[in-house]
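These numbers come from the heavy atoms of this one structure, side chains and all, not from hydrogens, waters or symmetry mates. Values in this document were obtained by computation on a predicted structure and should not be read as measured data.
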Amino acid sequence: MRTIGIGAVLALVTFAAVPERTAAGPGQGVDVAGAKQGASAAGTAWLALMDGERYAESWAEASTLFRQQVGRDQWVEMARSARAAVGALRGRTFESATYVDGNAAPTVVLLWKGRFDAVPEAVEQVTMMMDGGRWRVAGYFVRPG
């Protein structure tokens, strides 16, 4: 089984057992439903850049942490290579959004089931983090699933 990953941020958090709740920050609560909705909308828009082969734009729209981990030209090459390996997107269905409490910044892990020419059953994971008041991509990973 081949795994194709674009892990600009390799320290993705374990989220399976994290309870979803209103998280308390320094003096404030977090609206988990709102966080999931906002992160999902931003993640969907970012995937549209990837689907359109607008890799430099996807890098520019990613989080500061992402951009610090991988340069623009490196990202463009990684993204182009990974997408060439899976082939053209044939369809995608949203599966879940999981709020992860306890990170340095609010984080939401998004999962989609995707269909690509070379990988008819794939899972796409987009990890979103709050950065500069906006939900931005902190990591992207696609694997057979």
Side-chain angles (χ1 to χ4, degrees), residues 1-23 25 30-145:
M1 180 182 287
R2 180 174 58 176
T3 299
I4 301 144
I6 306 172
V9 177
L10 299 176
L12 294 176
V13 294
T14 302
F15 59 90
V18 175
E20 296 194 357
R21 57 183 168 73
T22 301
V30 173
D31 173 12
V32 173
K36 291 162 113 180
Q37 183 178 11
S40 295
T44 299
W46 188 84
L47 280 175
L49 295 175
M50 293 291 290
D51 297 340
E53 299 180 6
R54 295 163 46 196
Y55 305 127
E57 285 181 65
S58 73
W59 181 86
E61 288 299 315
S63 69
T64 302
L65 181 61
F66 183 106
R67 294 189 317 269
Q68 288 172 343
Q69 297 295 315
V70 62
R72 184 181 63 87
D73 294 342
Q74 181 185 9
W75 170 251
V76 168
E77 188 55 39
M78 289 170 65
R80 186 176 290 131
S81 175
R83 280 304 183 95
V86 297
L89 176 69
R90 295 296 173 208
R92 174 184 291 129
T93 304
F94 182 76
E95 288 290 310
S96 66
T98 304
Y99 182 85
V100 181
D101 194 11
N103 292 326
T107 303
V108 176
V109 178
L110 306 171
L111 296 176
W112 282 267
K113 294 277 186 174
R115 294 182 315 281
F116 296 87
D117 282 343
V119 184
E121 293 183 23
V123 175
E124 287 181 286
Q125 177 177 308
V126 180
T127 302
M128 306 295 294
M129 68 183 294
M130 186 58 71
D131 181 30
R134 291 178 50 200
W135 286 104
R136 294 180 178 264
V137 171
Y140 173 69
F141 190 76
V142 58
R143 64 173 171 78

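Counting heavy atoms from C-beta on, the side chains of D131 and L65 never come closer than 4.5 Å. Looking at P106 and W135, their side chains come closer than 4.5 Å, going by heavy atoms from C-beta outward. Proximity of V32 to K36: side-chain heavy atoms (C-beta onward) are separated by under 4.5 Å at one or more points. Annotation: side chain of E121 is not in contact with side chain of K113 (no heavy-atom distance under 4.5 Å).
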Determine whether F94 and L110 satisfy the following criterion, side chain to side chain contact (heavy atoms under 4.5 Å, CB included), listing intermediate values before the conclusion.
CA-CA 8 Å; F94 182 76; L110 306 171; 4.2 Å; yes
Go through it in stages, so that I can follow the logic: the residues are F141 and E124, the test is side chain to side chain contact (heavy atoms under 4.5 Å, CB included), and I'd like the CA-CA distance, side-chain angles, deciding distance and then a yes or no.
CA-CA 6 Å; F141 190 76; E124 287 181 286; over 6 Å; no
Worked check of side chain to side chain contact (heavy atoms under 4.5 Å, CB included) between T107 and M128
CA-CA 6 Å; T107 303; M128 306 295 294; over 6 Å; no
Evaluation steps, side chain to side chain contact (heavy atoms under 4.5 Å, CB included), between W112 and L47
CA-CA 10 Å; W112 282 267; L47 280 175; 3.6 Å; yes
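A side-chain N or O of S58 and one of W75 form a donor-acceptor pair less than 3.5 Å apart.
Taking every heavy atom of both residues into account, A39 and V108 meet most closely at CB-CB, 3.6 Å. Minimum heavy-atom separation, A79 to Y55: CB-CD2, 3.5 Å. The two residues S63 and A138 have their closest heavy-atom pair at OG-CA, 3.6 Å. Scanning both residues, F116 and V86, for their nearest heavy atoms gives CB-O, 3.0 Å. The shortest non-hydrogen separation linking A97 to S40 is CB-OG, 3.8 Å.
For Q37, the CD atom counts as loosely surrounded, since its 6.0 Å shell holds 12 or fewer non-hydrogen atoms of other residues, nucleotides or ligands. For Q74, the CD atom sits in a packed shell: over 12 heavy atoms of surrounding residues, nucleotides or ligands are nearer than 6.0 Å.
Side-chain atoms of T127 do not come within 3.5 Å of backbone N or O of Q125 as any donor-acceptor pair. Side chain of R72 to backbone of A60: no donor-acceptor contact under 3.5 angstrom is found.
Residues that satisfy the side chain to side chain donor-acceptor pair (under 3.5 Å) test with E57, not counting sequence neighbours, are R54. Take D51 and apply the side chain to side chain donor-acceptor pair (under 3.5 Å) test, not counting sequence neighbours, and it matches R83, R92.
Atom-to-atom distance recorded for L49:CG and W59:CH2 is 14.0 Å, nearest 0.5 angstrom.
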